[in-house]
Colleague: 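Before I ask anything, here is the structure I am working with.
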Amino acid sequence: MPSIRFLPDILISQIAAGEVVERPASALKELLENSLDAQARDIVVSLQQGGIKQLRVADDGLGIPGEDMPLALARHATSKIASLEDLEKVVSLGFRGEALASIAAVSRLTLTSRSAGEPHAWRIEAEGGHVFPPLPAALECGTVVDMRDLYYNTPARRKFLKSEATEYGHCEETFKRIALSRPDVAFQLRYDGNLRWRLQAGDAAQRIGEILGEEFAASALAIDEQAGPLRLWGQVARPTHSRLSRDAQYVYVNGRFVRDKVLAHAIRQAYQDVLHHERHPAFVLFLEINPELVDANVHPTKTEVRFRDGQRVHRFVFHALHKVLAVPAGTPPRPPSMPPSVQSTGYVPYQSQIPLRAEEGTRFYETLFAGAKSASTSTAIAEHPSQEYPLGFAIAQLHGIYILAQNRQGLVVVDMHAAHERIMYERLKTALDDQTITMQPLLIPMSFNAERWEIAVVEEHGPLLRELGFELAVLSPTTLAVRAVPTLLQEADAVTLARDVLRDLHEFGGSRVLIERRNALLATLACHAAVRANRSLTLTEMNALLRDMEATERSGQCNHGRPTWIQLDLAELDKLFMRCLLYTS
Ligand code: ADP
Ligand code: MG
């Protein structure tokens, strides 16, 4: 057996490079972080052939003093920390002093830099880890790192690289992640000579809009919550604007992009109630936390973090998001945009224009909601005629599907079924949580032919069914009867409801239904109970529904993440009719 010996430095760097420089995008990340650590205000990235042929980052940062140049490429040489104490409260993006050495070990690298006060710049070249002595060079300020021919000397690694388009895609994603974290810095990305991104220095909202697009910016909800050493801020898409892929999810911890299970789980859970499970929410979230409460040194790429108190972080993030996502229906998706001309004409109070046939309407609405009368039915309208209702007042029903309502901003269009479903869902959830689900015995029990497994479920899970508000009886080996249903659902078809619950219990097992499947089950029940399309409602019923939507948290979306209502501003309507032209003619 060969004797034990130390590995040559270059080989150590080449091994380390496997972790730090997995692909061009990881080299790009390191170089961009170096530029930001050097307080750059303007960074230009140029790539060729997926970043494999060339990857160049030029910045206007502090630069490297001439005498430090050879050290910049040496392994474990860093200007950022000097002690363990420093490491425990590290605020710079880099600190391990291995990125440049690793990149230099697996490519042809040129580093040109000039720090303030130096008469000229210095250039140092490295090839496959061999570093040549520094030479004077020309550069006005800052640093240019030029990496060429990645993995030219390690063909085994080169084989793992994907197509140029794929590698470029990864580089662009890295660029976007970092650009999002530093809106105060200007960035450019050039690919094969073409300008792909030009981002001017600005504020966070502007940068988020540029990178995630106008559609996101127009619909996003701003969040900024603080609790002790924790702050969460950023923008989250309304669940109705969710995307089908995961590509627009950005989470940062102290300015560093991370993938973290604790955070991911908290976010998913906060969206769970309002988002269809096959869709993915879009968000840009910045968690700020005392650096001593988080360890970023878990992995060389530092995209993983470890929280001292993960539970607390989870709770905080979940609650902060849950609160923002529970926007009452009355909050319009966009700030009202009313041109001054429209405002100055003033508004006639709508209430007087609406015939309130209170009695007749409310009665129907109450049966619809099975007696769960809310405080905000038409009586409330009559008592507070001057009060403004965010969703306004119903003016018509369209094709038995939509309610049209008029509010201060203009027209509100409500998907009747989706809105009612949402309200039912929230009520069921609250009732189940508070253990106040009441049973409504049926005058005539409804019997039906049942499968053998359905009978078994009834025999096994009687108490659980009662907890959910159902009373079922086994009449014969092939017949079941529904004797009672939850009061909230008494308008729905009893047999269909019961069979849905039985199927869930059968498929997922008793206790799991109430824990993991609870919300899905309630959503199914709410859907059955919600008012069907083509059921005609009176204005009073419609108004009562609007008031209930306002009172119900998260009623901006139905349980499947579909919107329950939209706002069409007068300005938008005016635009449709080219109203400005009409005024002048
Ligand atoms: P680390 O960032 O962990 O310190 P690196 O290998 O990435 O290690 O960089 C080594 C050192 O080179 C840094 O500590 C810094 O002093 C210097 N350096 C690297 N890139 C730049 C840059 N763009 N501007 C100024 N200094 C730089
Ligand atoms: Mg670094």
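Just so it is clear, the model here is predicted, and its values are computed rather than measured. The residues of the chain are indexed from 1 along the displayed sequence. Atoms within a ligand are numbered from 1 in the order they appear, just like the ligands themselves. Values below: every heavy atom of this structure, side chains too, minus hydrogens, waters and symmetry copies.
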Colleague: Check Ile223, Leu263, Val317 against Leu285 for a side-chain contact (heavy atoms from CB on, under 4.5 Å) and give me the one that passes.
Modeller: Ile223
Colleague: Does one side chain, of Gln54 or Asp146, offer a donor that lies under 3.5 Å from an acceptor on the other?
Modeller: yes
Colleague: Can you confirm if the aromatic rings of Tyr168 and Tyr191 lie within a centre distance of less than 6.0 Å?
Modeller: yes
Colleague: Look at the N, O or S atoms of Asn34, main chain and side chain alike, and state whether any lies under 2.8 Å from the Mg ion (ligand 2).
Modeller: yes
Colleague: Give the residue and atom name of whichever protein heavy atom lies nearest to atom 11 (C) of ligand 1, and the separation in Å to one decimal.
Modeller: Ala77 O, 4.2 Å
Colleague: May I ask you to identify, for Asp59, whether its side chain, its backbone, both or neither come under 4.0 Å of ligand 1 on a heavy-atom basis?
Modeller: side chain
Colleague: Hey, does Met147 have a side-chain heavy atom less than 4.5 Å from the side chain of Arg108?
Modeller: no
Colleague: Heavy-atom contact check, 4.0 Å cutoff: does Gly61 meet ligand 1?
Modeller: no
Colleague: Considering heavy atoms of the protein only, find what lies nearest to atom 3 (O) of ligand 1 and give residue, atom and distance to 0.1 Å.
Modeller: Gly97 N, 2.7 Å
Colleague: Do any N/O atoms on Glu30 end up under 3.5 angstrom from N/O atoms on ligand 1?
Modeller: no
Colleague: Please determine whether the number of non-hydrogen atoms from other residues, nucleotides or ligands lying under 6.0 Å from atom CD of Gln311 exceeds 12.
Modeller: no
Colleague: Checking contacts here: is it the side chain or the backbone of Glu33 that comes within 4.0 Å of ligand 1, counting heavy atoms only? Could be both or neither.
Modeller: neither
Colleague: Examine the side chains of Trp233 and Gln226 and answer whether a donor and an acceptor come within less than 3.5 Å of each other.
Modeller: no
Colleague: Before signing off on this row, confirm whether Ala101 and ligand 1 have an N or O atom pair separated by under 3.5 Å.
Modeller: no
Colleague: Which residue supplies the protein heavy atom nearest to atom 6 (O) of ligand 1, what is that atom called, and how far is it?
Modeller: Leu100 N, 2.9 Å
Colleague: Looking only at protein heavy atoms, which one is nearest to atom 2 (O) of ligand 1, and what is the separation?
Modeller: Lys80 NZ, 2.7 Å
Colleague: Would you say ligand 1 has an N or O under 3.5 Å from any N or O of Asn34?
Modeller: yes
Colleague: Starting from atom 12 (O) of ligand 1, which protein heavy atom do you reach first, and at what distance in Å?
Modeller: Ala72 CB, 3.7 Å
Colleague: Within ligand 1, which atoms have a heavy atom of Ala99 less than 4.0 Å away?
Modeller: 6 (O), 7 (O)
Colleague: Atom 22 (C) of ligand 1: which of Thr143, Leu36, Leu71 has the nearest heavy atom?
Modeller: Thr143
Colleague: Hey, what's the ring geometry for Phe286 with Tyr252, parallel, tilted or perpendicular (30° and 60° as the breaks)?
Modeller: parallel
Colleague: Indicate yes or no: does an N/O atom of Ala38 lie under 3.5 Å from an N/O atom of ligand 1?
Modeller: no
Colleague: Using the six-membered ring of Tyr250, assess whether NZ or CZ of Arg177 lies under 6.0 Å from its centre and within 45 degrees of the ring axis.
Modeller: no
Colleague: Regarding Arg123 and Thr112, do their side chains bring together a donor and an acceptor under 3.5 Å, going by distance alone?
Modeller: yes
Colleague: Please confirm whether Phe132 and His130 have ring centers closer than 6.0 angstrom.
Modeller: yes
Colleague: Could you check whether any side-chain N or O of Gln188 sits under 3.5 Å from a backbone N or O of Ile43, counting only pairs where one atom can act as donor and the other as acceptor?
Modeller: no
Colleague: I'd like to check which ligand 1 atoms, numbered from 1 as shown, lie under 4.0 Å from a non-hydrogen atom of Thr78.
Modeller: 1 (P), 4 (O), 14 (O)
Colleague: Can you check whether Ile64 has an N/O within less than 3.5 Å of an N/O in ligand 1?
Modeller: no
Colleague: Tell me: protein heavy atom nearest atom 14 (O) of ligand 1, and distance?
Modeller: Ser79 N, 2.9 Å
